[in-house]
Amino acid sequence: MSNWLRIGLYGGIHFIQLFTSLLTLGGIADQARYGPSKVCLLFIEDYRDDNSNPGYYLFSANSTSCSGIMGLAALGMIFALLVGGTSLYYIIRSEFRAVRLIFGMAIVSAGYTLMAFIMAVVAAVGLSHTCQQFQGEGFNCATIFSGGFFETDTAQTYTKSVGTVQMAVASAWFCFASWAAYTALEFLNWRNSV
């Protein structure tokens, strides 16, 4: 494989890793949380009509999944920069990488691939669970998100976009796929260099 083709292949994979991590982080941080206390809208429970205020609905939101997803996405950005920078450095300079370095990069990328898979699953299941809660009361998920949410301590309504959260979930799956592809390439490089 020519050096330019390798630069394009690895550079493209690392760009996708970085970009999808950024989209996941931004989508969850901006649209799956609301209010001063950053209430997470994933895995909400007990969505019900407020008997004392007809027309208003209450729910319990105690999940820390938004913070976990955001932390894993931020870690993905750091790994994409570090691992991507290292692999591109050796490819651009046409330098030989030691077998231990190739193996180490394969192990690191395999570890993050697992974390990206967990991130994508948690995001997908969390959003699905939340939408099922809304649908259980006869509402469309997008309608509830666009209508907005409020905290009891504030009078402000925080409108959100379920489409942006769905994009963040899809981006998490693409992040996982890009790390899986890179892991496969590095294990192939390691096997061929032993």
(message) Starting from V108, can I reach M105 by hopping between I/L/V/M/F/W/Y residues whose side chains sit under 4.5 Å apart?
(response) yes
(message) Counting only heavy atoms not in Y158 (residues, nucleotides, ligands), do more than 12 fall under 6.0 Å from its OH?
(response) yes
(message) In terms of relative ring orientation, are F134 and Y47 parallel, tilted or perpendicular, with 30° and 60° separating the classes?
(response) perpendicular
(request) Enter the distance from L41:CG to R33:CZ here, rounded to the nearest 0.5 Å. (result) 10.0 Å
(request) Mind running side-chain contact (heavy atoms from CB on, under 4.5 Å) on T159 and S146 for me, showing each step along the way? (result) CA-CA 5 Å; T159 59; S146 65; 5.9 Å; no
(request) Decide whether L42 and W173 are clustered together by the hydrophobic rule: side chain heavy atoms of Ile, Leu, Val, Met, Phe, Trp, Tyr closer than 4.5 Å, transitively. (result) yes
(request) For S171 and M167, indicate whether the former's side chain and the latter's backbone hold a donor-acceptor pair under 3.5 Å. (result) no
(request) Indicate, with yes or no, if F15 and L25 share a hydrophobic cluster defined by side-chain heavy-atom contacts under 4.5 Å among Ile, Leu, Val, Met, Phe, Trp and Tyr. (result) no
(message) Testing the basics here: between A168 and L23, what is the closest heavy-atom pair and its distance to 0.1 Å?
(response) CB-O, 4.1 Å
(request) Look at the side-chain heavy atoms of Ile, Leu, Val, Met, Phe, Trp and Tyr, link any pair under 4.5 Å apart, and say whether M119 and I13 land in one connected group. (result) yes
(request) Would you check if the side chain of S109 reaches a backbone N or O of W179 as a donor-acceptor pair within less than 3.5 Å? (result) no
(message) Quick one: does any side-chain atom of S193 pair with a main-chain N or O of N189 as donor and acceptor, under 3.5 Å?
(response) yes
(message) Just verifying a value: how many Å separate Y10 OH and L185 CG, rounded to the nearest 0.5 Å?
(response) 4.5 Å
(message) I need the minimum non-hydrogen distance between F145 and S161, along with the two atoms involved.
(response) CD2-C, 4.1 Å
(request) Say whether L188 and W190 are linked into one hydrophobic cluster, either directly or through other cluster members, by side-chain heavy-atom distances under 4.5 angstrom. (result) no
(message) Donor-acceptor pair, distance only, cut-off 3.5 Å: does the side chain of Q31 make one with the backbone of T164?
(response) no
(message) Nearest 0.5 angstrom please: I7 CD1 to N3 CG, how far?
(response) 4.5 Å
(message) Show the nearest heavy-atom pair for residues E186 and S87, with the distance to one decimal.
(response) OE2-CB, 4.5 Å
(request) Under the side chain to side chain donor-acceptor pair (under 3.5 Å) rule, collect the residues that match up with R48, sequence neighbours excluded. (result) D46
(message) For the CZ atom of F19 and the SG atom of C175, what is their distance to the nearest 0.5 Å?
(response) 12.0 Å
(request) Nearest 0.5 Å please: distance from the CH2 atom of W4 over to the CD1 atom of I91. (result) 12.0 Å
(request) Might you work through the side chain to side chain donor-acceptor pair (under 3.5 Å) test for Q132 and H129, ending with a clear yes or no? (result) CA-CA 5 Å; Q132 287 172 359; H129 183 79; 4.6 Å; no
(message) When you measure from the side chain of D49 to the backbone of N51, do you find a donor-acceptor pair of N or O atoms at a distance under 3.5 Å?
(response) no
(request) Check C141 against V162 and note the closest heavy-atom contact, atom names and distance. (result) SG-CG2, 3.8 Å
(message) I need the minimum non-hydrogen distance between G147 and T157, along with the two atoms involved.
(response) O-CG2, 3.6 Å
Distance-only criterion, 3.5 Å: show the donor-acceptor pairs between side-chain atoms of residues 56-83 and protein atoms not counting sequence neighbours.
unit_1 : atom_1 : unit_2 : atom_2 : d
S63    : OG     : S65    : N      : 3.0
S63    : OG     : S65    : OG     : 2.8

(request) Starting at CZ of F187, measure out to CZ of R191 and round the result to the nearest 0.5 Å. (result) 12.0 Å
(message) Is it the case that the side chain of T130 and the backbone of F43 share a donor-acceptor pair, with hydrogens and angles ignored and the cut-off at 3.5 Å?
(response) yes
(message) A quick test of your reading: do over 12 heavy atoms of other residues, nucleotides or ligands sit less than 6.0 Å from CZ of F117?
(response) no
(message) Minimum heavy-atom separation for T20 and S178, please, with both atom names.
(response) OG1-OG, 4.4 Å
(request) Answer yes or no: is there a donor N or O on one side and an acceptor on the other, between the side chain of K160 and the main chain of I144, under 3.5 Å? (result) no
(request) Please examine the side chains of L5 and L9, heavy atoms only from C-beta on, and report whether any two atoms are closer than 4.5 Å. (result) no
